[in-house]
> 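I have a structure I would like to understand better, so I am pasting it below and will then ask my questions one at a time.
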Amino acid sequence: MSVNPLLAERFALIGKLIELLGEDQFRANAHAKAARIVGDMAEDLGAMVDAAGPGAKKKLTEIDGIGARTADKIIEFVTTGKIAELDELAARVPAGLVPLLDVPGLGPKTVSMLWNRGGVKDIADLKRIIADGSILQLPRMGAKGVEKIKASIALIEQGRDRLPLGLARPIADRIVELLRGVEGVTRVEAAGSLRRGKETIGDIDVLIAADSAAAAKRAGESFREMVGVTTVLAAGPSRSSVRMAIAPEVGRFEREGSEGDAYKGPSIQVDLRVIDAESWGAALMYFTGSKEHNVRLREDALKLGLTLNEYGLFPEDGEETPPQTRGVRPVAAATEAEVYAALGLALIPPEMREDRGEIDAFSAAARPGRKAREGEDRGSAFDASRLVSVESIRSELHAHTTASDGVLSIVELAEQAKARGFHSVAVTDHSRSSAIAGGLSPDRLRKHIDDIREAQERVNGIRILAGSEVDILADGTLDYEDELLARLDVVVASPHTALSQEASAATSRLLKAITHPLVHILGHPTGRLLNRRAGLSPDMPTLVAAAVESRTAMEINSHWLRLDLRDSHVRLCADHGALIAIDCDTHSPEDMDNLRFGVATARRGWTLAKNVVNTWDAAALNRWLTSKR
DNA sequence: ATGGATGTCCATGCCGCCAGCATTGGCGG
């Protein structure tokens, strides 16, 4: 287990405690920032500290946003497992107060006031003073706000995580399709973290433009009456807001027994916003985010004598009131491209809008102090057309058949892949140790290879590669003898068991697989499952360096429960030019629809199409495969 | 607490909206 998520959680907590105590806001911000940086880092800080020894502090402070004090705390946590400052702060604030910060509508100032003025120490206290009405005596607590807080608490108590992208996306697609069918609606787009392809989604934001107020009204009505809506939270001319039920089955809705407020199952909030066509681009940018990206853009706008908001990019005139309310003409507003262009930027793909260096990279002018990226001339803007896209994917290199735990025969799998326009598909059933998944004994694999060759005889227009998803055992050895692996066209090596082994063991285990001369692809490298299992936390820089050296591809497993590698790991691969394989780990035909999630993750990690083996034509793919034979 | 410019200090992400209160704080993006 990597210490990074633990450290991120602790830094975030320190920041929150400082805010609750009403102490230095800048210290609080600095800790929140440190939490974000540490959480995004691919390299395990525990390994870094151990490896650097006495030089650890210097190494840590080289990271932008980590100073001497934070470095000390990282080292303290790695070596002792605790942070004294955190313990001291925690002793001064009731533990039950921190979860209150997660209640929508409650921020640090309000929670702090509830505690100091209202004696609130946890959610139960808050509910009590809401119930007996005494909360209304406190400053800034009016009837309207308290109603909102009450509703938010009810929601929080259902205790749900953010929704995986793979569940949110089909819901959003359905809503977008519904609204596009409303007469007079001219534009519809889902924005937010969904549009950025983040692995989990907090809520769904849908923007529309319409050619009349009547059309916008019709759209709002259709939206609020959709199947699956359990509660209408808002119903105004410019905004509607609902909660939608999510059935246990993917992307399906369940209405029986879920009428109105009685519904207590999983749900997601969906907001519909009506946008003027003239400010479509600015609004889409604002609602797409990320917040950090938006703030950077607004900062840069000010340096150019401009001010950016969700209505457009305007000349900065020093007036207090928003420019659009004074009839000021925007410099740009209608499309994202023109707003970015007016800021001296090429259109930044939504997946990259995270304030992770993309604004400098997309700047038309060279900016000093920036390292040129692989495949990029210093001083020229990042070329978004070179990023990998769904359309650029030409093969699936990780798929299962009925021989192990898939539902398709070899021929059926080939037909599915062909229908998607692929030139090749690899049959990679499980190896013997994955007994539950029907792993093949060496003898069965030999027979399976014959079956694959025989299937190829019967199918035209697609190449069927004989492969295996071979288990990487806990010590790094592979589940078949080299002699057998050498007979396969493609070898995907993946960890399936011992997924909680310690970082150093995981690193050497995976390193063995990457450097094995017969292995082409490292499959779902960490074995994590979203919201369920953290998986391995190997030292990623070491793995990536080895992958570059041995020309082994690192997989992005596209299944929305895996998305493994994750975006930050992918970015490390892109920075070093490692090969990437984007695969669906196909077990059934629908699994191939997950490709877009894998591609989104690749784009979030700045992956160029040329570094993705699935984008290569058949000849190039074959040259790479045979180079390891 | 950090990072930048200076050599110890100084500034520190933007903008709009809403409720509550009476002109601003707090929140969310």
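A, B, ... follow the sequence lines: proteins, then strands. Residue 1 opens every chain.
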> What nucleotide, of dA1(B), dG13(B), dG16(B), holds the atom closest to the side chain of A30(A)?
dA1(B)
> Applying the Watson-Crick and G-U wobble criteria at under 3.5 Å, what pairs with dG7(B)? Answer none if nothing qualifies.
none
> Check every strand shown and say whether I63(A) touches a base, only sugar-phosphate, or nothing at a heavy-atom separation below 4.0 Å.
sugar-phosphate
> Does the ring of F26(A) meet both stacking tests against the six-membered base ring of dT12(B): centre distance under 5.5 Å and plane angle under 30°?
yes
> For atom C1', what is the distance between dC9(B) and dA19(B), given to the nearest Å?
40 Å
> Using whole Å, report how far OH of Y286(A) lies from P of dG29(B).
7 Å
> Taking the minimum atom-to-atom distance to the side chain of K73(A), which one of dG26(B), dC15(B), dA1(B) wins?
dA1(B)
> Side chains of E199(A) and T601(A): do they bring a donor and an acceptor to under 3.5 Å?
no
> If each of L138(A) and D355(A) is mapped to the nucleotide of DNA chain B with the nearest heavy atom, which maps nearer the 5' terminus, i.e. the 5' end?
D355(A)
> Counting any heavy atom closer than 4.0 Å, what does A143(A) reach on the DNA or RNA strands: base, sugar-phosphate only, or nothing?
sugar-phosphate
> Please measure how far the P atom in dG20(B) lies from the corresponding atom in dC27(B), and state the result in whole Å.
13 Å
> Tell me the partner of dG13(B), counting only Watson-Crick (N1-N3 plus N6-O4 or O6-N4) or G-U wobble (N1-O2 and O6-N3) with both under 3.5 Å; none if nothing fits.
none
> Between R27(A) and E85(A), is a salt bridge (Lys or Arg N to Asp or Glu O under 4.0 Å) present by the stated rule, with each step listed?
CA-CA 13 Å; R27(A) 273 185 70 217; E85(A) 184 187 345; 2.5 Å; yes
> Taking 4.0 Å as the cut-off, does a side-chain nitrogen or oxygen of R69(A) come that near to OP1 or OP2 on dA1(B)?
yes
> Just checking N309(A): base, sugar-phosphate only, or nothing, at a heavy-atom cut-off of under 4.0 Å?
sugar-phosphate
> Mapping G289(A) and Y311(A) onto DNA chain B by nearest heavy atom, which one lands closer to the 5' end?
Y311(A)
> Could you please name the option among dT2(B), dG13(B), dG20(B) that lies closest to any side-chain atom of R140(A)?
dG20(B)
> Any strand is fair game: report the nucleotide pairing with dG20(B) by Watson-Crick or G-U wobble, both distances under 3.5 Å, or none.
none
> How about M352(A) and F382(A): do any of their side-chain heavy atoms sit closer than 4.5 Å?
yes
> Which nucleotide in the list dG20(B), dT2(B), dG29(B) gets nearest to the side chain of R298(A)?
dG29(B)
> Work out how far the C1' atom of dG13(B) is from that of dA22(B), and round it to whole angstrom.
30 Å
> What nucleic acid atoms does A28(A) come within less than 4.0 Å of, heavy atoms only: base, sugar-phosphate, or nothing?
nothing
> In terms of side-chain heavy atoms of T110(A), which of dC15(B), dG13(B), dG26(B) is nearest?
dG26(B)
> Considering only dG20(B), dC15(B), dG13(B), which nucleotide approaches the side chain of L302(A) most closely?
dC15(B)
> With respect to the phosphate group of dG25(B), does any side-chain polar atom (N or O) of K109(A) fall under 4.0 Å of OP1 or OP2?
no
> Let's see if you can work this out: which of dG29(B), dG16(B), dA1(B) has an atom nearest to the side-chain heavy atoms of P322(A)?
dG16(B)
> Determine whether D72(A) and R69(A) satisfy the following criterion, salt bridge (Lys or Arg N to Asp or Glu O under 4.0 Å), listing intermediate values before the conclusion.
CA-CA 5 Å; D72(A) 285 339; R69(A) 306 290 303 273; 5.4 Å; no
> Could you check whether T307(A) gets within reach of a base, just the sugar-phosphate, or nothing at all, counting any heavy atom under 4.0 Å?
sugar-phosphate
> For L106(A), which contact category applies under a 4.0 Å heavy-atom criterion: base, sugar-phosphate, or nothing?
sugar-phosphate
> Whole angstroms only, please: what is the CZ-C1' distance between F287(A) and dG16(B)?
10 Å
> Any heavy-atom pair between the side chains of L45(A) and F77(A) that's under 4.5 Å?
no
> Considering every strand and a 4.0 Å limit on heavy-atom distances, what is the contact class for N29(A): base, sugar-phosphate, or nothing?
nothing
> Select base, sugar-phosphate, or nothing to describe what G192(A) touches, counting heavy atoms under 4.0 Å on all strands.
nothing
> For R196(A) and S290(A), test the side chains for any donor-to-acceptor distance below 3.5 angstrom and give the result as yes or no.
no
